[in-house]
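As the structure is a computational prediction, the values presented were derived from the model and not from experiment. Side chains are part of it too, since the values below use all heavy atoms of this structure and drop only hydrogens, waters and symmetry mates. Labels below follow one simple rule: chain letters A, B, ... track the order of the sequence lines, proteins then strands, and each chain is numbered from 1.
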Amino acid sequence: MKIYNSLKREKEEFVPLRDNEVRMYVCGITAYDYCHIGHARSAVVFDVLVRYLRDKGYKVIFVRNFTDIDDKIINRAHKENLPWDEVARKYIEAFYEDMDRLNILRADIEPKATEHIEEMIELTQKLIDMGFAYVTSRGDVYFRVRKFKTYGELSGRNIEELQAGARIEPGEEKEDPLDFALWKSAKPGEPKWPSPWGEGRPGWHLECSAMSEKYLGLPFDIHGGGQDLIFPHHENEKAQSEAAYSTSFVRYWVHNGFVQVNSEKMSKSLGNFVTIRDILNNYHPEVLRFFLLTKHYRSPLDYNLESVEEAEKGLKRIYQAVEELEAILSNKKWKKVKVDSSLIEEIKEQQDKFFLSLEDDLNTAKAIGYLFNTVRIVNRIATDKNLRKAEPMKDVLVEIREFLTRAGKILGVLNLAPAVFLEELKDIQLKRKNIAREEVEALIAKRQDARKNKDFALADSLREQLVALGIEVKDTPAGPVWEVVS
RNA sequence: GGCGGCAUAGCCAAGUGGUAAGGCAGCGGUCUGCAAAACCGCCAUUCUCCGGUUCAAAUCCGGAUGCCGCCUCCA
């Protein structure tokens with residue numbers, strides 16, 4: 001497949017270093033708050049990448065870390081009046097809750113920074129010994145940025161540009177404002193670990209260098225994260241790792257685009273942070289997941305209610321087609337008739353194009369288009385009285401079912417039985433509109449009575465009442481069926 | 001100020017040289033007591049604007065305008 005490499009700034013053919021094995025590292029969360037929609041996008045994007053690579057037959061070793069010691073966690077601990085490690089534990093647990101609901105697979109290895117202090121100290125010592133780092137009088141250790149010649153290569157900046165923005169904070173003893181911390185000496189009351197340079201804690205960038213080397217070795221194939229991590233986090237990781245191990249660090253750097261909220265940057269100051277759990281109060285987790293995949297992973301994505309509800313309608317359309325497909329397949333009496341082979345070719349074409357889209361830099365938005373084309377074909381068969389019972393269609397329909405299952409497994413949607421999803425969706429829509437199921441069912445029962453009595457005027461007025469509530473009733477041979485509409 | 005990205009129908013969105021996927025909404029039809037779903041048909045001679053390259057450009061180049069991100073913690 002082709003994948004966009006942030007380092008080269010172009011799409012490249014993806015070839016793993018070792019035959020059939022893909023080694024991949026994605027920066028996980030700093031556990032100091034609930035996860036927001038941006039975390040969800042990053043998690044979903046790399047989850048789909050892992051799933052797709054596995055579908056292609058690669059053995060993927062996937063590492064996603066937890067930053068469980070950091071300034072932000074310490075600050076949060078003060079605010080919540082909790083021990084810092086309790087804060088980390090609490091938000092890691094919340095992370096799992098949210099990610100499980102979004103159907104994000106667990107990484108193969110999920111290392112925590114605090115469990116790798118030893119490795120980080122070793123790495124820091126190595127950099128000091130090599131002259132890439134230095135210790136200050138108060139026990140901080142800094143990386144000597146100017147000594148690392150290709151610094152800025154990943155983020156596309158040069159030292160002079162960076163110089164302008166860099167500052168030395170009061171009390172810091174940097175040789176150069178560009179230098180960044182590998183080890184921070186502990187202030188009174190802060191969490192700390194013993195080290196050759198005194199008690200302190202590791203700098204943020206260090207953990208990913210230490211843990212990726214430990215679990216994957218260098219160089220490894222894919223390093224992922226949000227676009228904002230390119231600078232300084234990934235630039236610094238790269239500098240540390242390449243300086244210490246004298247080899248290239250990562251072969252393909254993959255970064256996902258940002259999520260905006262109502263066309264604005266999501267930020268604490270604007271107060272527009274949208275957490276995953278907030279969204280899942282009002283929308284089905286698969287809907288959120290599907291929404292996140294309707295735009296290419298590198299483009300900015302605007303989160304707004306209209307777009308999510310559009311995704312909801314789209315996913316519902318696919319599920320309804322799957323339900324219909326299964327209904328046709330449950331038929332036992334197939335008729336021996338000839339069918340037009342062009343239809344069969346059209347179906348195959350959609351499948352091929354679906355996979356070709358993913359081959360091209362994981363274009364899920366495009367791939368989903370072919371899913372909808374497949375849905376239209378299924379519905380076309382379903383509405384044709386002859387086709388839906390035609391013997392030659394049977395194998396074709398089974399194949400479509402298998403295709404949709406496989407596609408769903410890659411995208412991490414269509415994971416539920418259609419009837420289950422549609423009921424769950426209905427519940428969450430009713431909740432959103434604050435309508436009780438019983439209320440709807442009572443009105444429908446009343447309308448059925450009226451219809452039996454051929455009192456169509458009453459039946460129609462009851463229908464109008466339901467429509468006013470946002471409920472649409474459809475009359476089927478098996479009785480009335482209702483849906484919530486926006 | 002420096003670096004980078006993006007501008008496609010009412011809305012969302014794919015499309016990196018060969019003549020505009022898909023979804024939502026809308027309109028007409030089939031079906032229906034009515035309606036909904038579904039299906040069929042319609043819905044961008046045109047891709048922010050101005051130049052250029054080419055037989056051919058939404059796609060490449062130059063310029064303009066607008067929006068956004070990064071440069072400080074951030075997925």
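Within residues 33-40 of chain A, the residues having any heavy atom closer than 4.0 Å to RNA chain B are, in order of number, His36(A), Gly38(A), His39(A). Listed in residue order, the members of residues 95-104 of chain A having a heavy atom less than 4.0 Å from RNA chain B come to none. Listed by residue number, Leu229(A), Phe231(A) are the residues of residues 229-240 of chain A with a heavy-atom contact under 4.0 Å to RNA chain B. Of the residues in residues 63-80 of chain A, those with a non-hydrogen atom less than 4.0 angstrom from any atom of RNA chain B are Lys72(A).
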- Message: Set out, in order, the CA-CA distance, both residues' side-chain angles and the distance that settles side chain to side chain contact (heavy atoms under 4.5 Å, CB included) for Leu469(A) and Lys433(A), then state yes or no.
- Response: CA-CA 8 Å; Leu469(A) 284 173; Lys433(A) 286 178 169 287; over 6 Å; no
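Distances shorter than 4.0 Å separate some side-chain N or O of Lys295(A) from OP1 or OP2 on A13(B). Side-chain N/O atoms of Asn379(A) include none lying less than 4.0 angstrom from OP1 or OP2 on A37(B). Between Arg463(A) and the phosphate of A36(B), there is no side-chain N or O to OP1/OP2 separation shorter than 4.0 Å. The phosphate of A38(B) has neither OP1 nor OP2 within less than 4.0 Å of any side-chain N or O from Lys474(A).
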Anything under 3.5 Å between a protein N or O and an N or O of nucleotides 20-27 of chain B, put it in a table, one pair a line.
from, atom 1, to, atom 2, distance (Å)
G23(B), N2, Glu310(A), OE1, 3.0
G23(B), N2, Glu310(A), OE2, 2.7
G23(B), N3, Glu310(A), OE2, 3.3

Identify each atom pair where a protein N or O and an N or O of nucleotides 2-7 of chain B are less than 3.5 Å apart, giving names and distance.
none

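Partner of Glu483(A) under the salt bridge (Lys or Arg N to Asp or Glu O under 4.0 Å) criterion, chosen from Lys426(A), Lys313(A), Lys474(A): Lys474(A).
With sequence neighbours excluded, no residue forms a ring-ring contact (aromatic ring centres under 6.0 Å, His included) with Tyr283(A). Every residue two or more places apart in sequence or in another chain that forms a side-chain contact (heavy atoms from CB on, under 4.5 Å) with Asn5(A) is listed here: Leu7(A), Lys8(A), Glu12(A), Tyr252(A), Trp253(A). With sequence neighbours left out, the ring-ring contact (aromatic ring centres under 6.0 Å, His included) criterion links Phe220(A) to His223(A), Phe249(A). For Lys348(A), the side-chain contact (heavy atoms from CB on, under 4.5 Å) criterion is met by Glu399(A), not counting sequence neighbours. Residues forming a side-chain contact (heavy atoms from CB on, under 4.5 Å) with Val274(A) (at least two apart in sequence, or on another chain): Ile37(A), Val261(A), Ile279(A), Tyr303(A). Partners of Pro418(A) according to the side-chain contact (heavy atoms from CB on, under 4.5 Å) rule, which considers only residues two or more places apart in sequence or in another chain, are Tyr319(A), Val322(A), Glu323(A), Glu326(A).
On a pure distance criterion of 3.5 Å, a polar donor-acceptor pair joins the side chain of Arg447(A) and the base of G33(B).
In this structure, Phe258(A) forms no aromatic stack with the base of G69(B), since the conditions of centre separation below 5.5 Å and plane angle below 30° are not both met.
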